[in-house]
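For the numbers below, each heavy atom of this structure counts, side chains included, while hydrogens, waters and symmetry mates do not.
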Amino acid sequence: MLALVLAMTATGALADAPADGSYTDFGSGRNDFIYVTTTFKDGKIQNVEIGDNKETPTIAAGALRLMPQRIVENNSLNVDTVSMATLSSNGIIEAVKGAIRQAGGNVDDFMTDCKVPVVTDYSDEYTADVVVVGAGAAGLTASIRAAQCGLNVVMVEQKGYTGGALYGTECHYTNDSVVEEMFDRKDNQTADEGYEYHMNYNHNEANPEIVRYFMDHVGNVINWFCSLDGNTPIAAYDSFRGPGTSSWTMTDGEGPGEAIRLQNDCNKLGVTTLTNVHADSLIMTDDNKAAGINATTTDGKAVTVKASAVIIATGGFVDNQEMLAEYVGQGEAAASVSGGNRKAGGTGDRNGDGINMCWNVGADKVGQEHVAYCLTTVPGFAIDSPVHRAAYNPYLWINDDGVRFSSEASGFLLACAQPNGEYWCLLDTSKIDFMENNETLAGTCFTPSTKAPIANLRAILDNCVEKGMIYRADTWAELSELIGVDTDTMLNTIDTYNTYCANGVDPDFNKAADRLIAMDAEGPYYAIKMVGGMLTTTGGVKVNEKFRVVSTDGSIIPHLYCVGTDAGGFYAETYNFMDSGCCSTFSFLSGSTAAENVAAELGKTFDSIY
């Protein structure tokens, strides 16, 4: 008791309570830093005020408004984040943590669990024409189209909100659609040219019927998608292949805005949406027809959905470390828990549940070894944040062994193959000064405008050093010790690289001469960790061009469909970023196609969008 009394101040607060006053710090939101001013009085959080930020207003409004209230009301950071604005919510929490440290407080003193337990109020049993498992791009479009075709639809989603990986999506692949008419892009490739390119990229091992169906009907599905409320295209770009190929189109609010609008469409059409419900297994009849699902709510209640057909759309297994290790590789398995997947736009918890449900009833496997790699990310930072933008520039990158592994121009495709699925960007003062005052050498591929000068970059990096988020040292040797890389190897790599820069030739990786920029002879020097990540896996369950599930004996499993990234066959190789936006458009197409096929199977009359 005496020790406790001695630890108290005159106001009754603990000695390490934050000092009274206001403190400004930042955390990383979805788009960039969110600056937050936190005021303390008598050891408690009195006020949290949101400052400068670049969050998308229509998406982040709830987090910007509600998170300060929740933190102040509970005097805790361990509060519920705002659904559909998780990255923004966490950015605010991180900023308040920084303010606590600035004020001399202990973050652990503000971590009382104040989260509200999930309590569901669902029936024990539902009956529907079709149950859709998963509510991302494929699941939402399947549900909407099924309802439009006159079906009674139940859609289940394990998370507390719908949208899935749409929250990390920007644009969609399109061709022969209203987009080309709106933006005068009529010189794009033909369907035959698109088919030939896609098949060649995939070594002619992709399912030709699925690829042919996609290329012939991509315009149909984009026209339908754009006809839904609010999905009018606002921009169209060349794919990364360049002019005359395909279009990459964007709607208002990008993927997050689409997620909200698609759920609104579901609501208007009478789709029964059950969130916080995890699908456990398929219900099969004695003659092996899909007849519904068994599920469990987040709070442990059993729910059964009996249906005439089932559409599986659970988004692959990019967050399942064990499945990645078994089917893809150890580097990808390591990357799945490094933070790269989520910060690159994913929503987490994509564990292959739907794929395993299909496999467990005899579905054949195809494409489970393929993934879509994403931009490498700096743990704790948004892709368009100043820190990530700086680290993404192609100066000098080394892995944990202290050696270069690429020309510094394709790191995101190679990161997962590096030790621990990560690498280090090394910077010196001259590089930082250049990026502060000039257009940078590279912008993130998702946002080309991020080649603009990075204001106050050095101050931002120094602040991050103080927070322990990146590393700085006066010598390369000291920096190598900080990041745990062998000193002699790292010094030799830098010396060799500087020699290549002096000669204007990179014999190891053929880096362009104008990008061979030597490292400074004097410090300070900085090291920023970049972690590999994946947007999604791109296969698992064998399907035909109607997205009916195919069994190991080659027969169709009646009334069972699989769509989106759970379905295999569209890819037989790593996702091709040069054909921009294919994955999301494939989800729209497969989801809506499966829905129409279910409706036809159940005898409904409708006008096909195809």
Side-chain angles (χ1 to χ4, degrees), residues 24-38 48-68 71 81-99 163 165-171 234-235 237 250-260 339-340 342-347 374-393 432 435-440 442-464 467 469-470 528:
T24 299
D25 213 310
F26 64 85
S28 186
R30 180 182 185 269
N31 297 339
D32 202 337
F33 291 146
I34 301 174
Y35 288 87
V36 178
T37 298
T38 304
V48 173
E49 182 177 352
I50 306 298
D52 291 342
N53 68 88
K54 297 180 181 178
E55 300 301 273
T56 305
T58 54
I59 307 304
L64 300 179
R65 178 174 59 87
L66 294 174
M67 289 304 296
I71 291 169
T81 56
V82 175
S83 294
M84 302 181 290
T86 305
L87 295 178
S88 301
S89 299
N90 288 335
I92 294 168
I93 290 172
E94 289 304 312
V96 178
K97 286 182 179 179
L166 279 173
Y167 283 95
T169 301
E170 291 188 311
C171 302
I234 61 172
Y237 310 99
M250 177 187 293
T251 68
D252 186 41
E254 304 172 27
E258 292 163 357
I260 294 171
R342 192 165 290 107
K343 282 298 181 183
T347 54
C374 62
L375 290 183
T376 47
T377 57
V378 183
F381 294 92
I383 282 179
D384 289 342
S385 70
V387 176
H388 180 265
R389 289 180 55 202
Y392 195 70
N393 272 266
I432 294 167
M435 289 188 284
E436 279 190 336
N437 297 291
N438 301 274
E439 186 173 275
T440 59
T444 66
C445 73
F446 293 130
T447 312
S449 63
T450 53
K451 292 183 71 174
I454 309 174
N456 304 312
L457 177 58
R458 185 164 183 177
I460 291 170
L461 294 178
D462 286 338
N463 194 337
C464 292
K467 289 177 160 223
M469 303 174 84
I470 66 175
I528 304 173

Can you find a heavy atom in the side chain of H388 that is under 4.5 Å from one in the side chain of S28?
-> no
side-chain contact (heavy atoms from CB on, under 4.5 Å) between T440 and Y392: does it pass, once the steps are laid out?
-> CA-CA 10 Å; T440 59; Y392 195 70; over 6 Å; no
Would you check if the side chain of E170 reaches a backbone N or O of M250 as a donor-acceptor pair within less than 3.5 Å?
-> no
CG on N463 to CZ on F26, rounded to 0.5 Å | 4.5 Å
Side-chain heavy-atom pair Y167, I260 within 4.5 angstrom cut-off = yes
If you round to the nearest 0.5 Å, how far is CD1 of I432 from CG of N456?
-> 12.5 Å
Residues in side chain to side chain donor-acceptor pair (under 3.5 Å) contact with D462, at least two apart in sequence or another chain | R472, Y526
Sequence-distant partners of Y237, ring-ring contact (aromatic ring centres under 6.0 Å, His included), two or more places apart | none
side-chain contact (heavy atoms from CB on, under 4.5 Å) with N437: which residues, sequence neighbours excluded?
-> none
By salt bridge (Lys or Arg N to Asp or Glu O under 4.0 Å) - contacts of E94 (at least two apart) | K97
Do other residues, nucleotides or ligands put more than 12 heavy atoms under 6.0 Å from the CG atom of D52?
-> no
Work out which heavy atom in L166 is nearest to a heavy atom in E258; give both atom names and the distance.
-> CD2-OE1, 3.9 Å
Under the side chain to side chain donor-acceptor pair (under 3.5 Å) test, residues paired with E436 that sit two or more places apart | none
Quick one: CZ on R458 to CE on M435, what's the gap to the nearest 0.5 Å?
-> 12.0 Å
Just do the side-chain contact (heavy atoms from CB on, under 4.5 Å) check on E254 and T56 with the steps written out, would you?
-> CA-CA 10 Å; E254 304 172 27; T56 305; 5.9 Å; no
Between the main-chain N or O of V96 and the side-chain N or O of T38, is there a donor-acceptor pair closer than 3.5 Å?
-> no
Contacts of N393 meeting side chain to side chain donor-acceptor pair (under 3.5 Å) (sequence neighbours excluded), chain-then-number -> none
Nearest heavy-atom neighbours spanning P256 and I59 | CB-CD1, 3.4 Å
About how many Å separate CD1 of I454 and CD1 of I460, when rounded to the nearest 0.5 Å?
-> 8.0 Å
Which residues share a side-chain contact (heavy atoms from CB on, under 4.5 Å) with I50, sequence neighbours left out = I34, V36, N53, L64, P68, I92
Might you point out which heavy atoms bring A85 and A60 nearest each other, and give the distance in Å?
-> CB-CA, 4.4 Å
Evaluate side-chain contact (heavy atoms from CB on, under 4.5 Å) for N90 paired with I93, printing each intermediate quantity in order.
-> CA-CA 5 Å; N90 288 335; I93 290 172; 4.1 Å; yes
Interatomic distance, N31 atom CG to S88 atom OG [nearest 0.5 angstrom] = 7.0 Å
Out of curiosity, R389 CZ to K451 NZ, how far, rounded to the nearest 0.5 Å?
-> 11.0 Å
For A391 and I528, the nearest pair of non-hydrogen atoms, with its separation, is CB-CG2, 3.8 Å
Sequence-distant partners of T81, side chain to side chain donor-acceptor pair (under 3.5 Å), two or more places apart | none
Got D32 and S385 here, is their nearest side-chain heavy-atom distance under 4.5 Å?
-> yes
